[in-house]
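Order of the sequence lines sets the chain letters (A, B, ...), proteins ahead of strands, with each chain counted from 1.
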Amino acid sequence: MLPLRYNAPPPVRRPAMAVDLKGELTELLRSALASVAPECADSAIGLERPRQAAHGDYATNLPLQLARSLRKSPREIAAMLAAELPASPLIERVEAAGAGFLNLFLSRAAKREVVRRILEAGDDYGRLPLGGGATVLLEFVSANPTGPLHVGHGRGAACGASLANVLEFAGHRVTREFYVNDAGRQMDILTTSTWLRYLELRGVRIAFPPNAYRGEYVRDMAARIEEAHGSRFVRDAEEVIAGTPGLPEAERDDDEADAQREAHLDALIANARRLLADDYAYFHQFALTEQLADAREDLGGFGVHFDRWFSERSLFETGMVERVVAALEKAGHVYLQDGARWFRAAAFGDEKDRVVQRENGQYTYFASDIAYHANKFERGFARIIDVWGADHHGYIPRVKAALAALGLDCDRLEVVLVQFAVLYRNGQKTSMSTRAGEFVTLRELREEVGNDAARFFYVLRKSDQHLDFDLDLAKSESSDNPVYYVQYAHARVCSVLAQWGGDAALIRGFDPGPLASARELALCRRLAEFPEAVEEAAREFAPHVIAFYLRELATEFHGWYNAERILVEDPALRDARLALCVAVRTVLANGLRLLGVSAPASM
RNA sequence: CUGCCCGUAGCUCAAUCGGAUAGAGCACCGGCCUUCUAAGCCGGGGGUUGUGGGUUCGAUUCCCGCCGGGCAGGCCA
């Protein structure tokens, strides 16, 4: 279990003008505070939503906060504030209560007003100016292009895409980026795996390494190359395995055997490069292009789109990797030891120093990652956010250390960690072993449970928490399934409107005044909370807040729907209820849109 | 062994900078379709928030110890 983000985001400031209910209430309280205790007039005023209705619509613990400095009892201060609170059409009454809380009860008119606001704002209801148009680079998924995306990548995709939507809705300009690891050993392993499968097809008998990529998709790529080029890339088995140490017995799983397998694979890669010469690049490019196209298609089908696919290889081709290492060296943060170049990460808060260039001259993944992040800073984004698998948490200090050593403000980099999802079927954990090649792919998941259920389930937990993904529940067509539960509320509203049959455009002008029942007013209050949910989701990088909110809103709508009839005889009351219906539909649709889930008109 | 994180109802999880009587869903039990979609609603039982201390008006929340679990600790990515 890991923290949601590595360091605190910049403070989010509310606009100075009271443009919303909460802001107006705060101003009223500030006015009362100024007359009760002028010396504390600029204290922070926290307004919260009490859990219990008896504690009002909003409450503040201001009296408790001030008790010490004013040398008065909290109850006394609360009573004084209540007496000095200016009269307002928003407020029905105030109460000093509990240990020293001030509870505010809104007038019915104030509660109903949100319906009018929602009908006016439409798709934009919940949109906030918090980000002030600041640019954000959000990097997520960034899976190695060495095979199909699996269900772990799916969670990063769903969380990242939802977070991007939320940040955009909260007033940021978001660039969505996928970092393509097209330069490392993993790609060489995929390239060689493809060639070995090709050789197999041509009847060349070579033991396929257990640590190479064994998936069926590798055979598919090999078959297509074989179809197009015939025997052009065939070499003798003796040549292919020349100079390799050979494989240890399959049963052995000790360190020595593992090391031998790795050495064997590296030797095969070296032979492939030598024997294929220029054609090696063909295999490499073919596999890369195939896997990226596959990922793009898969993610696109999942409603996840990127503005840019950033190539790791380009960082080498433009000399960026050399440049950042040289910059670190020039600043005295790099030294030579055992033939390798080490970055003094420990001097910048990391546990130990890290290699940036290996003894054999190859740069490490870390080196290109430094270059990548330096490049992000050069592009001038106000905020840089990485969404990583939680198993990479130990990697954060070294990247931050490198940025600091380059003289960059490493606090501008924020890292969201996403835990893996574990699939359950019939109450049993489904196996997800990569080395056996039998992992569950994102595509299989999407086909089995559908895109909507997958997107929603992935963000049903805080992203840094383990997620138990119940496949049976995700597929069930019942109220047990939270996706259908929320979507059904939306479809119900649409159905009522269809039943009514009038001109939907007119509803915008309907007067919510006749709304008066407890359920209706509670629903209004819930609708007014949506911008607060968006704010929290954006501030905490927590799209699950939106999912929770939608479930609560749907609950209150279903309750109202079952308790009271909407299409009643009285035209004024019917119109008011239709207005509330449209407001509910609007908020459900806006929330679902942030999560990349469809809002069906019928189910 | 060291570092980071987590521990809340039978299960999966929430809990607003430290706030009021710790909340949902699932599972379980009992009701509701001649009336706008029953993919819905209403009601019920369920808790020493792992444990022992500390900080204070107040602790699930902050600090320390212990117990249990996860992840990380490569010239891998």
Short N/O separations, protein against nucleotides 27-31 of chain B, under 3.5 angstrom:
unit_1, atom_1, unit_2, atom_2, d
A27(B), OP1, D480(A), OD2, 3.4

What distance, rounded to whole Å, do you find between the two [atom1] atoms, one in [N] and one in [M]?
N: A77(B); M: C11(B); atom1: P; answer: 41 Å
N: U61(B); M: U51(B); atom1: P; answer: 11 Å
N: G7(B); M: U60(B); atom1: P; answer: 13 Å
N: U16(B); M: A22(B); atom1: C1'; answer: 14 Å

* To do: For residues F557(A) and H490(A), establish whether the separation of their ring centroids is below 6.0 Å.
  => no
Hey, does the side chain of [X] come within less than 4.0 Å of [N]'s phosphate (OP1/OP2), counting only N and O?
X: K352(A); N: G3(B); answer: no
X: R358(A); N: A77(B); answer: yes
X: Y484(A); N: G25(B); answer: no

* Listed nucleotide nearest any side-chain atom of E359(A), set A20(B), C75(B), A15(B) ->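 Nearest to the side chain of E359(A) among the choices is C75(B).
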* To do: Check every atom of C41(B), A38(B), U16(B) against the side chain of H558(A) and return the nucleotide holding the closest atom.
  => C41(B)
Polar atom pairs between nucleotides 54-57 of chain B and protein, under 3.5 Å, N or O only, would you list them?
unit_1, atom_1, unit_2, atom_2, d
C57(B), OP1, R68(A), NH2, 3.0

* Look at atom CD of Q337(A) and say whether more than 12 heavy atoms of other residues, nucleotides or ligands are closer to it than 6.0 Å. =>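 Enclosed.
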* Sequence-aligned protein contact record of nucleotides 8-13 of chain B, with B where the base is within under 4.0 Å of a protein heavy atom and S where only the sugar-phosphate is -> ----BS
* To do: In plain terms, say whether E556(A) and R519(A) are close enough for a salt bridge, that is, a side-chain N and a carboxylate O under 4.0 Å apart.
  => no
